[in-house]
Amino acid sequence: MTNLQTRYLAEFEMPRVVPLGPNLYAAAFFLMKLLPARYILERALERGDICEGTHICETSSGTFALALAMITARMENRLTIVSDWALEPTLKRRLVELGAEVEIVTQAHPHGGLQKARLDRLNEILAQSPSHFWPRQYDNPDNPRAYGSVAAKLVDRIGQIDCLVGTVGSGGSLCGTASYLRLLFPDMVVIGVDTINSVLFGQPDAPRLVRGLGGSVIPSNVDHTLIDEVHWLSAAEIFQATRQLHSQTGLFMGPTSAAAHKVASWWAAHNDDKTVVILMPDEGHRYADSAYDDDWLNSKVPRWRSVCSDRPVTITNPHADLAQWTRLEWGRRPRSDVIAQSL
Amino acid sequence: MQGVFDDACFQRYRGLVTFPCRHLQTHAIFVPNSSHAVTISPGTKEKARRAAALTLRQISRQDQGGNVEISSTIPIGRGMGSSTADVLATIQAILDRFDVAWSMEEIMHVAVEAETACDSTLFSQVAVLFAQRGGIVLEAFDRALPKIDIISVDCEPSATVSTLDFEPALYNEFEVEAFKPLRSLLRRAVRQGDAGLVGKVATASARINQRFLAKPRLDELEKIAAASGAIGLQVAHSGTLVGMMFDHLSPNRDVSIERAAAALEQAKFSFTTFAA
Ligand SMILES: Cc1ncc(COP(=O)(O)O)c(C=O)c1O
């Protein structure tokens, strides 16, 4: 396996740098996960964790699965993706066409929900494959490590960066990019954007509609001590922001991009001497039948058009019951400290 | 800045960007004689002797004897590139004596062979990212580095370091990736003549290097730098020196340098100031 075989999509890995205002830039990715997927596979090949015949298995219902399938399309290795009902039919068809085997888990685990049920199924598959590789985007340190080249492109195009804003799922993109940029700009403010009912920054676990950010378990790739400020947004606010980002800037991006944009625009307006960069993880095509479809939105989030939120409420206890845009000054503390200090 | 960097074909090299200091100089004169051996005075400069022999062989005068007289103002074993300067001056002295012109690449080739690892001292017109053990230019930047004044602090006045005496740094995977944004920001800084950004790159490289050849009291120097308005710290990655950097074009430069000098004095550091 040569670099050429894993890197041929390299031109798709890097974000486009879009100046949105005098002190506001977007790093707009085609499909951000192509970068960590390629980096993780390359390191695994280098270390001999993937060889001929190694079965690659991952649990994902989104962009990481697609990225893995795109990169392994030219490899001989088997790829299995374990997912659940949330996998859209279009995405499932693409994965299958790319040669991936897709397993859908239908029965939730009595305690750990679908996430646990998917992990259990993945472990069964791994046990059956003598030579397997599990990329583990949530706790593989190669995920955040992949973002050095993104930091490089940002400083080449923008120079000094004072604030980085991004949504947090595995934590790889925001924490990875921030750790590289902080070597050069130790005072850079890092703002993590999450969704209400996600445990990542201390919200109580409950169902969430927006995918890609937040979660019910805490990935080890979230380095809480890098984060200065956390913002939570409701589904209605995120979907409204998605449509506004499109209609007002022409950027056709996924909901997590818009969530980060909403928070970043507010921060940039209040800090007009600081240069702000927004990570925008994917384009809008995948959401044509959801976030970009009025009927879907009206049925799922009837308030999406009417929510009115132009500034966050500030709280100190992350466990609070939230209904709208809220912010907390995290102050680079470990998660356990924030929880303990708010009791 | 010093680390590992890819060339255009993703080939990885150890590389560095050297900070030029026009105040420190080395002169060499080659005086041929009827012997068949080359000597150097002072006689301890073995790398320069090797460079002289290699140069003479390269120009097909391997039987020519002579003496190379070197005089230098560059401190030895502090990481200021004194031996690279000896080697380059020696090569040039021999070429001058026989009226031979070499390209920079030819000179660097012999220099690396004589010295194993050498600085990019020869490249003064534009800043270059130089593979010190391969002797090749990985990237030539658009211009020279912006003008920067330096207060040179010796962290361990009693120690000397030979570049070849310690193992080359074994960077971890995070550090390998981290050199990408450092290199990019330096490229931008040179392109825009932004001394402040050069300071940030140098400081980041200095911090990474702490894991390999730690400068004692670097934290203290960082505090003094920040308090006095310096733009950053650069270190001799294989030496004992730390340079506090000041933007030569800043209107506050004199005040900043005075403030830093006073603080260094008070903290009992030994230092020398070099204007850009
Ligand atoms: C669309 C989208 N946005 C944001 C994220 C969060 O990125 P990260 O996992 O790097 O935290 C993901 C992660 O899967 C995603 O798919």
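Reckoned from all heavy atoms, side chains included, excluding hydrogens, waters and symmetry mates. Naming: A, B, ... by sequence-line order, numbering from 1 per chain.
A/F12 pairs by the side chain to side chain contact (heavy atoms under 4.5 Å, CB included) definition with A/L9, A/F30, A/L34, not counting sequence neighbours. Qualifying side chain to side chain contact (heavy atoms under 4.5 Å, CB included) partners for A/T249, counting only residues two or more places apart in sequence or in other chains: A/L20, A/L245, A/L251.
Under a cut-off of 6.0 angstrom, the local environment of NE2 in B/H248 is crowded, with over 12 non-hydrogen atoms contributed by other residues, nucleotides or ligands. Atom CZ of A/R16 is surrounded by 12 or fewer heavy atoms from other residues, nucleotides or ligands within 6.0 Å.
Using a 4.0 Å cut-off between a side-chain N of Lys or Arg and a carboxylate O of Asp or Glu, B/E175 and A/R145 do not qualify as a salt bridge. Salt-bridge formation is detected for the pair B/R191/A/D156: a Lys NZ or Arg NE/NH1/NH2 atom is positioned less than 4.0 Å from an Asp or Glu carboxylate oxygen.
Within the 4.5 Å cutoff, side-chain heavy atoms of B/F174 are placed close to those of A/L183. Residues A/P186 and B/R207 meet the side-chain proximity criterion, which asks for heavy atoms closer than 4.5 Å. With a 4.5 Å cut-off on side-chain heavy atoms, B/F10 and A/R7 count as touching.
Residues of residues 195-203 of chain B lying under 4.5 angstrom from chain A, judged on non-hydrogen atoms, are B/L197, B/K200, B/V201 in numerical order. Residues of residues 250-276 of chain B lying within less than 4.5 angstrom of chain A, judged on heavy atoms, are absent.
One finds the CD1 atom of A/I158 at 11.5 Å from the CG atom of B/L185 (value rounded to the nearest 0.5 Å). The NZ atom of B/K180 sits 8.0 Å away from atom OH of A/Y180, with the distance rounded to the nearest 0.5 Å.
Nearest approach of A/L184 to B/A204, heavy atoms of both residues: CD2-CB, 4.0 Å. A/G148 approaches B/P181 most closely through the heavy-atom pair O-CD, 3.4 Å.
Remark: side-chain polar atoms of A/R43 are not paired, donor with acceptor, to backbone N or O of B/E173 under 3.5 angstrom.
Only the side chain of A/F185 comes within contact range of chain B, with at least one heavy atom under 4.5 Å from a heavy atom of that chain.
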